[in-house]
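Here's the structure we're looking at; comments come further down.
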Amino acid sequence: MTKILSIFLMLAIFGCTFQTKHRGYVFPGNLEHDIASIKTTADLTDKIGNPQVKTINGDNIWIYYGVDENYRGPLPKTYDNKTVLLVWVSGNIITKTLVLHDDDLPDINIANGETQIPAAIELNAIEELFNNIGRFSPAGLGQ
């Protein structure tokens, strides 16, 4: 009985691990102060890096995003320390910056399920296997 209980406790302990992964940019602690001194896009890319997104419609805005993703065993993932940096750019000059943190950002619930793709071909595993025959070159041929 003690062996079964000890095995159960070990599995419970291993299942309750805590892990945090950082996604996106790692911003400095005093981001607002550091951004205030940056006036050109060259300085911005030197200090923070290239943006994840540049808008193509409307104002030219560079967007940077960083978040901590927390794993706690079998519980769902949680996100904290969300930070978004928005930089309005005109040519090579920065005209405006805005830093948004957790409290400034809305909570968005992602729907479960999949989005249907129009005219998509759905294949089962066997059809997928036979569909891939001849599509890949043998290793070492350099093609």
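Values below: all heavy atoms of this structure, side chains included; hydrogens, waters and symmetry mates excluded.
Contact record, Thr45 with Ala42: OG1-O, 3.0 Å, taken as the closest heavy-atom pair. Summarising the geometry of Tyr64 relative to Gln52, their closest heavy-atom pair is C-OE1, 3.6 Å, with the distance given to 0.1 Å. Closest approach of Ile126 and Asn124 over heavy atoms only: N-OD1, 3.1 Å.
Linking Ile, Leu, Val, Met, Phe, Trp and Tyr residues whenever their side-chain heavy atoms come within less than 4.5 Å places Leu100 and Ile61 in a single cluster. Residue Ile63 is not grouped with residue Ile56 when hydrophobic side chains (ILVMFWY) are merged at heavy-atom distances under 4.5 angstrom, including chains of intermediate members.
Heavy-atom neighbours of Leu129 CG from other residues, nucleotides or ligands within 6.0 Å: above the threshold of 12.
With Asn30 contributing its side chain and His33 its backbone, the two residues share no donor-acceptor pair below 3.5 Å.
In this structure, the separation between CG on Asn60 and OG1 on Thr41 is 9.5 Å, given to the nearest 0.5 Å.
By the side-chain contact (heavy atoms from CB on, under 4.5 Å) test, His101 pairs with Glu32, Thr83, Val99, Asp104, sequence neighbours left out.
Pairs of residues two or more places apart, or lying in two chains, that qualify as salt bridge (Lys or Arg N to Asp or Glu O under 4.0 Å) and include a residue from residues 51-71 are Arg23-Glu69, Glu69-Lys77.
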N/O donor-acceptor pairs under 3.5 Å from side chains in residues 89-98, not counting sequence neighbours:
unit_1 : atom_1 : unit_2 : atom_2 : d
Thr95  : OG1    : Trp88  : O      : 3.3

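Taking 4.5 Å as the limit, every side-chain heavy atom of Gln19 sits out of range of all side-chain heavy atoms of Asn70.
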